[in-house]
Structure formats: structure tokens, C-alpha cells
Number of protein chains: 2
Amino acid sequence: MDIKSEQSMEQSILETAERLFLEKGFALTSTTEIAREVGCNQALVHYYFRTKDNLFNTIFEQKFRLFFQHVFELGNLDNLSFTDKLKHIIESHFDMLKANPRLPLLIISEFSRRPEQVDVLKEKLQGIPQKLFEKLNDQLNTEIAAGKIRQITLLDLLFSALSVNISLFLLIPIISQAMSINEAQQGFLIEHRKQEHVTFILNSLRA
Amino acid sequence: MDIKSEQSMEQSILETAERLFLEKGFALTSTTEIAREVGCNQALVHYYFRTKDNLFNTIFEQKFRLFFQHVFELGNLDNLSFTDKLKHIIESHFDMLKANPRLPLLIISEFSRRPEQVDVLKEKLQGIPQKLFEKLNDQLNTEIAAGKIRQITLLDLLFSALSVNISLFLLIPIISQAMSINEAQQGFLIEHRKQEHVTFILNSLRA
DNA sequence: ATTATATTTAATAGACCTATTAATTGAATG
DNA sequence: CATTCAATTAATAGGTCTATTAAATATAAT
């Protein structure tokens, strides 16, 4: 509402909309409110994005990428052991969620509201994970064959790992409120859980 | 909309409202729609519950109980080992979610919308978990002291256990859509994950 | 300076929503 | 049968929301 004169109105609208959609979800955020927070006329929101749906989809697509692709875009950690790679995946996924704590709820709520949206995004995301996934899968199977890791599929493993991460950030608002803990304590809790998640997953893999 | 003549209108409204709130959330469900589905006048919804908030809270409070108390209402499994109790908790929590798959999203969304609501319910739920929790806690510490289970707090353990359960049901709509799996396959996936969750948690506890 | 183009605003149509009020129907009771 | 109370409906006030339209303003280009 202040330094916004620097950037374009379109950009301001986008950023404010993103913040509000993440805070309150699609249904409870109105284009009227977005405009009010930006400090512009409500019609301007529709001038740039025509419909509220358009605006939301623009933001959502990018957020969706962030949410799902992250796991598979782990640079080249080629020389790491499977266990170290897994540790890295869990931690970097955790850090991404820590930086975007409201992301899981937005993704899950939106897909619950419009399941058909999954298909649209499935296409756009195709062809990326395949190779990295297979590589990781081979490495896991080698470890299993060597008796170092218990019998488990990569999908099951990743699902469990990412589940605990996601649930933490979904439940933290409730937990914090219920336990009346302050900002700082919440920070400690989060860091503690990060360690715990790694320990937890790695420990569960032992043959 | 048919056999409803048997039960009272008030009950019909409550049940329909529950279904719609679970399907679409608070914001996207209108008293108009509830009345339409029940087959009564919209004013009747307000006649019995005065406000939409009242109606929602009535339902929500009961659902909240279901969601949180379950863990602590495990009858008397006194003679079971800690591991067996834990297995029972995970499985019975899982079964509750399987019977109420949309519950987690409702709870989490609602607390995100109105954080102050946590306090209201915190009071109402007080005094129940304490004893069972402490008993379980003692048992865990005994196991740890005996070197049978790694160092971990009961809270951390329960949080991890319930996290994977919750995430599964939150993510299943997305997964099913993305992987284009049918009803039956989804059933298999759920049962498979139930086993996996137990294995997973118990395995992660080994010293 | 003028014209074209892009940005922004004011105004409003049209839909829907919550909540209330007053009137109507129905059932039970004296 | 008349009366009373509960259940139900019709009607509507008052609000907000999305989206559009036409007018106003700013920006740039000739």
C-alpha cells in the first residue's frame, strides 16, 4: 500500500492476492478485498485478470509447482549415499514448507474444491520427475538387496517422509494455539521436529 | 429428501448440513443450499439454529471430539504391551479417519479460519486425556530405560503416528485423481498404507 | 499539440447470501 | 369448537460479491 508505486499495479495485485489466498483461501478472499489492500479500484483486479478464477489459477499453478516438483529437483547429489539423499530430500522439503507454511492447506483445499484441476496440472508437470525417480529407485533397491534397508517401495517411503512434514505445518496453528506457545517456542518446536522427522524416517528403514 | 418425514426436520437439517460442510467447507455451504437439499424453507434452518455459525459450531464441536479424543479413549487395554497399545492406537485412529475421511480437512480449515475457536474447545475437552496419557508415558519410559525403544517423547511419537494417518486421507483425493485409480484400487491403497503406517512407526522405534 | 493506447476509476447490473418478520398451517389441549 | 403453541412458509431488508461498461486520466508517439 506504500512502496507499491515502484512496482506495477499488476504485480501488486498478484502479490496481495497471493498473500490473501494463502491466508484465507479462495472462497473467503474477494476481489474487493484484494483491491482494498492494494489500494486500487476493484475493477482493476478484473481488468488485469478478468476473473477471480483466472487470478487464482495464475497463482495456484506456480504454488503447485513449488509444492510437488521440489522433491524431484534436487540438483545433482549423485555421489551421495541413498540415506544421505533421503535426508537431503526430507530436509529441503521441510525447509520449503517452513518458508511456505500455508501452502499445503491451499493445495489440499483447492483440489478438494475442484478435483478436475488435478488433471490440468498433471499435464503441465509431466516429464520431469521420471529420471530422478528411477535413479533413486534403483539405488533403494540396491540397498534393499544388500540387506541394509527393509523391504519398501520408494513411493511408500517418500509418502511417509513427506506426510510428516506436511502434517506438521498443517497442524502447527492448532498446536500452537492449544498449547499457548509463543513465536519463539514455535520456532524451537519446528526445528526439533525437523530433526525428529529425519531420525524417524531413517530409523524406520533399517532392515 | 425422501424418508425424511420419519425423522424430525431439525435432524434432517443437521445431517444435511453436516454432509455439506464436510463436502464443501463452511464458506461454500449456504443455508439456502442446505434448505434446498433438505426440501424445506430456508428460514427453517434459521428457525432451529438462528445463525449459520451456530449450526456449524453444533456440528463442529462433535466432529472435533471425534477427531481428537479418539486417541485417548482406547478402552482398557491394560494388559497389552506398549507396542501393542501403540499398534492399536494407530489402527483405530486410522479406522476412524477411514470412516470420516473428510474430517481432517474440515478441522484444519476451520481452525485456520478462526484460530480463537481452539480455546473454546480446549476448555470443553479438558480433563479427559491426562490419566491415560501419563500411563502410556510411563510405559514408554520403561521401555526406553530397558533399551528396547530409542529415546523419544510420547508426544513426538504420537504426533508422527497420527501425522501419517491424517496426511493419507488429506492427500488421497489428489493422489487418486493424479494416478487415475478407481474406487477398488483406492481401497487397496488405503489398506496397504494402514499396514505400512504400523510397520513404519514400530520400526522407527527400535533402539 | 494531437492522437492513440493503456491504465484507472465510478457506477451499476445481477446474483446470492444471511437473517428477520409477519403470516399461515398444523397439532394438541382445554 | 376454540384456543394456544409449535412448525413452516413467503417476503423482504440489507449486505456483499463478481463482472461489465463507460467515462476519466495518464502515457507515449507522431
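Computed from a prediction, not measured in an experiment: that's the story for all the values here.
One atom, OH of Y48(B), and another, C1' of dT20(C), lie 17 Å apart when rounded to the nearest Å. Atom CZ in F56(A) sits roughly 14 Å away from atom P in dA19(D) (whole-Å rounding). Taking atom CG of N54(B) as the reference point, atom P of dT18(C) lies 14 Å away to the nearest angstrom. The CG-P distance, from L44(B) to dA22(C), rounds to 18 Å in whole Å. Summarising the geometry, the separation between CZ on F49(B) and C1' on dA7(D) is reported as 14 Å, rounded to the nearest angstrom. Atom NE2 in H46(B) sits roughly 18 Å away from atom P in dA11(D) (whole-Å rounding). Summarising the geometry, the separation between OH on Y47(B) and P on dA11(D) is reported as 20 Å, rounded to the nearest angstrom. Rounded to an integer number of Å, the gap from CE of M9(B) to P of dA27(C) is 13 Å.
Because its NZ or CZ atom is both nearer than 6.0 Å to the ring centre of F56(B) and within 45° of the ring axis, R113(B) counts as a cation-pi partner of that residue. With F82(A) as the aromatic partner, K87(A) does not meet the cation-pi criteria of under 6.0 angstrom to the ring centre and within 45 degrees of the ring axis. Cation-pi geometry between K52(A) and F26(A) is satisfied (NZ or CZ under 6.0 Å from the ring centre, within 45° of the ring normal).
Between S30(B) and dC16(C) there is no side-chain N or O to OP1 or OP2 distance below 4.0 Å.
Using a 4.0 Å heavy-atom distance criterion, T32(B) is classed as a base contact.
The N41(B) side chain lies nearest to dA10(D) when the options are dA19(C), dT18(D), dA10(D). Side-chain proximity of A43(A) to dT20(D), dT9(D), dA19(D): nearest is dT20(D). With dT20(D), dT20(C), dT9(C) as the candidates, the nucleotide lying closest to the side chain of R50(A) is dT20(D).
Centroid-to-centroid, the aromatic rings of F60(B) and F111(B) come within less than 6.0 Å.
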